[in-house]
Amino acid sequence: MESFKIEDTVYENHVIETVKKLSIYSINYKDAVNELYVDDSNLDVNSCVIKNKEEDDLDGKLINFLYNNHQNSYRKKFTKRINKWQGVIIDVDQNNFTAKLFDLKEMGTYEIAEFSILDDVSIEDRDLIKEGAVFYWFVGYVSDRGTMYKQSEVRFKRVASISVEEIDQISDSVREKYKDVFWE
Amino acid sequence: MKDKIVELSVLGTGGGYGESIVIKLIDDSWVVIDSCTDPKTGESLPIKFLKEKEVDILTQVKLIVCTHWHNDHIQGISNLLELAINADFYIPWIDDMEKFILFIQFDLKINYDVNDRSTKEFEKCLGVISKRNKPLKRAAIDNIIYNDKINSIQIFSLSPSQEVIKEFHLEISEMIESITTSSVTIPHRKPNEKCIVLFILIENFKILLGADMEISTSVNRGWNDIFNNSKSFEKEKVILFKIPHHGSSNGYSKELCDVILNEKSILKLTPYFRGRKFLPEALILEKYKEYSNEVFITSNLGLKNTPKKREKSIAKAIKELRPSLKEVPFTYGVISTHFDLTTGTITKTTNLYGTAVKI
């Protein structure tokens, strides 16, 4: 396969953004992209301009390329999350919990599902499991040295402690904000 | 002779999306108890109902009650408050409102991005209240919250009890401490005990709206407190009973039902779904039906066997990774009972809309 430099600056930026999204490169991704071997069906060989400017298609072609033509200098494993939910635990027993799930791409009605504490939750997150706890559930694909598989991931919400300064700020702002609220 | 009509409508949704009660009184004043929204549009269902009835919300809605701050009873209530500027607004009694408002703010600081959070809706209510020149009103046992002497209509709150109010005061302090030290919001303990049960007297006719009240082992809590300690509650047959807590065994008090229900009583309820538990419980429904055949529910229970419709790649991944994922569908039904008191005796007609059915 011949290699081509991507000459079109606008499209170069687009490819860079796409590659960033794919979370493949941690440093110097711009240089890495410029060295990228690209599926030649996308390119006009003479003008070195990528013909097909449809974003989704480029994503797909880059993914395919990276599955099949990884370079030793690049990371071999990457993930693509394709959907995300926010979950709230509504019931817990010894081994499982049931959660109310809100699809963050498309709100509206909610869904419910069961999760296994052992299989779905990391050891670090297990202390957070209780009724009312909030977590995020991702579904996606992982590519690992050319092998692709589906992945489900649960991450519990962790919040930093409220500092004393923040407590004071909130207390003061509440007095001011609701000074006109009165009751009989 | 002018017609004397009262209409009480229970708006309910399947799946725990909420309920509301909307009452038209004799003089065309309206009362709204609790609120819920259509999850797809965000539209407040009591507002939609009132608009369909061509009610002038600004002038005709006189009373709004938030029986408690469970999500399925509070969503959209701030929108109604904004429109019903002249309505009195009642919430369950809290001794220290400033502390409670502080707790709301801390909870929002931690959970600002969490769906399904009633504190967000309550904060919106506070925002509306702060712009009105009307007090935020609190209801507890034996408060009269509406009094129309001309038409002989009185509405009493029968709860929360004094014991529950005192305990909640301490609970708020614990919740604040929990949030400020560990950034975790602990769930309310026994939130249903704090709800407002309403007793409505229209001339000689009685209506009891049970909210989510539950039974208790203590004489000074729950239905025990109402039955034993309330001076406003008349222990006589009611013409309408809103079954408490979606027909759960926790909400069922035989002692109460024996006194207030007979074959002429109309019973209404809304279903609820919470993870593994469907309400109403079938056995409890059968108990209520022993008193009267006039039992209505706003929708039958239903859980889809599938998740929401999505694009193929996501649907495929879900099927493989999480086959237990199921959508909880939104359904909407209304049970409207029309009471005609014009002649001195009462005639009643119940109409069903949407998914509402007679059990």
Side-chain angles (χ1 to χ4, degrees), chain A residues 82-83 85-93 96-115 120 128 130-134 137 139-141 149-153 157-164 166-167 170-171 173-175 177-184, chain B residues 15-17 39-42 97-98 101-102 104-106 109-111 113-117 126-127 129-138 179-187 273-277 303-304 307-308 310-311 313-314 316-318 320-330:
Chain A
I82 55 173
N83 215 61
W85 289 259
Q86 186 185 77
V88 179
I89 295 181
I90 53 178
D91 199 31
V92 189
D93 64 30
N96 303 291
F97 62 87
T98 305
K100 208 169 177 177
L101 294 156
F102 299 92
D103 185 334
L104 295 177
K105 266 189 182 176
E106 186 215 316
M107 294 299 288
T109 52
Y110 67 92
E111 293 160 296
I112 57 151
E114 274 219 349
F115 293 80
D120 292 317
L128 300 170
K130 60 176 184 187
E131 195 175 314
V134 177
W137 173 45
V139 153
Y141 293 91
Y149 54 91
K150 298 182 192 73
Q151 178 175 269
S152 165
E153 197 185 337
K157 182 176 145 106
R158 290 172 183 277
V159 183
S161 296
I162 306 180
S163 66
V164 171
E166 281 175 309
I167 292 170
I170 291 170
S171 303
S173 74
V174 159
R175 280 187 207 103
K177 194 172 172 185
Y178 298 116
K179 65 181 191 295
D180 295 325
V181 173
F182 62 102
W183 43 89
E184 283 182 331
Chain B
Y17 292 104
K40 293 175 185 171
T41 63
M97 274 303 297
E98 283 185 26
I101 293 174
L102 198 58
I104 301 283
Q105 295 302 307
F106 287 137
K109 170 85 179 152
I110 302 296
N111 296 304
D113 58 343
V114 176
N115 291 293
D116 209 36
R117 204 91 197 143
L126 289 173
I129 295 289
S130 66
K131 293 176 198 159
R132 299 158 50 139
N133 194 24
K134 275 178 86 73
L136 176 60
K137 297 190 172 187
R138 299 170 283 183
I179 284 185
T180 52
T181 53
S182 56
S183 293
V184 169
T185 310
I186 54 177
F273 173 68
R274 184 167 177 82
R276 298 169 195 176
K277 192 164 186 168
L303 183 67
K304 284 190 179 173
K308 291 160 94 158
R310 293 181 172 90
E311 57 179 90
S313 60
I314 303 174
K316 205 173 161 187
I318 290 169
E320 190 178 308
L321 297 168
R322 194 70 44 196
S324 68
L325 186 71
K326 294 177 185 18
E327 183 183 7
V328 180
F330 168 69

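Here is how names work: the chains are called A, B, and so on, in the same order as the sequence lines, proteins then strands, and each is numbered from 1.
- Of the listed residues B:Asp113, B:Ile104, B:Ile129, the one with more heavy-atom pairs under 4.5 angstrom with chain A than any other is B:Asp113.
- Heavy atoms of B:Lys134 lying under 4.5 Å from chain A belong exclusively to its backbone.
- Around the NZ atom of A:Lys105, the shell of radius 6.0 Å holds more than 12 heavy atoms that belong to other residues, nucleotides or ligands.
- Of the atoms belonging to A:Lys150, heavy atoms from both backbone and side chain fall under 4.5 Å from chain B.
- The main-chain N or O of B:Lys308 is never found under 3.5 Å from a side-chain atom of A:Glu106 such that the two would form a donor-acceptor pair.
- Taking a 6.0 Å sphere around CD of A:Glu166, one finds it holds more than 12 heavy atoms contributed by other residues, nucleotides or ligands.
- Listed options A:Ser173, A:Ser171, A:Gly140 were ranked by heavy-atom pairs under 4.5 angstrom with chain B; first place goes to A:Ser171.
- For chain A, the option among B:Glu311, B:Gln105, B:Glu98 with the highest count of heavy-atom pairs below 4.5 Å is B:Gln105.
- Only the side chain of A:Phe102 comes within less than 4.5 Å of a heavy atom of chain B; its backbone N, CA, C and O stay farther away.
- Using a 4.5 Å cut-off between heavy atoms, B:Ser313 contacts chain A through both its backbone and its side chain.
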- Evaluate the side chain to side chain contact (heavy atoms under 4.5 Å, CB included) criterion for residues A:Ile82 and A:Val139: first the C-alpha distance (whole Å), next the side-chain angles of each, then the deciding distance (0.1 Å), finally the verdict. CA-CA 6 Å; A:Ile82 55 173; A:Val139 153; 4.1 Å; yes

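- Most heavy-atom pairs under 4.5 Å with chain A: of the set B:Glu320, B:Arg138, B:Lys40, this distinction falls to B:Arg138.
- Heavy-atom distances place the side chain of A:Leu104, and not its backbone, under 4.5 Å from chain B.
- Between A:Gln86 and B:Val114 there is a side-chain heavy-atom pair separated by less than 4.5 Å.
- With hydrogens and angles disregarded, no donor-acceptor distance shorter than 3.5 Å links the side chain of A:Glu111 to the backbone of A:Asp103.
- At least one side-chain heavy atom of A:Leu101 sits under 4.5 Å from a side-chain heavy atom of A:Phe115.
- Looking at A:Lys157, only its side chain comes within 4.5 Å of chain B, counting heavy atoms on both sides.
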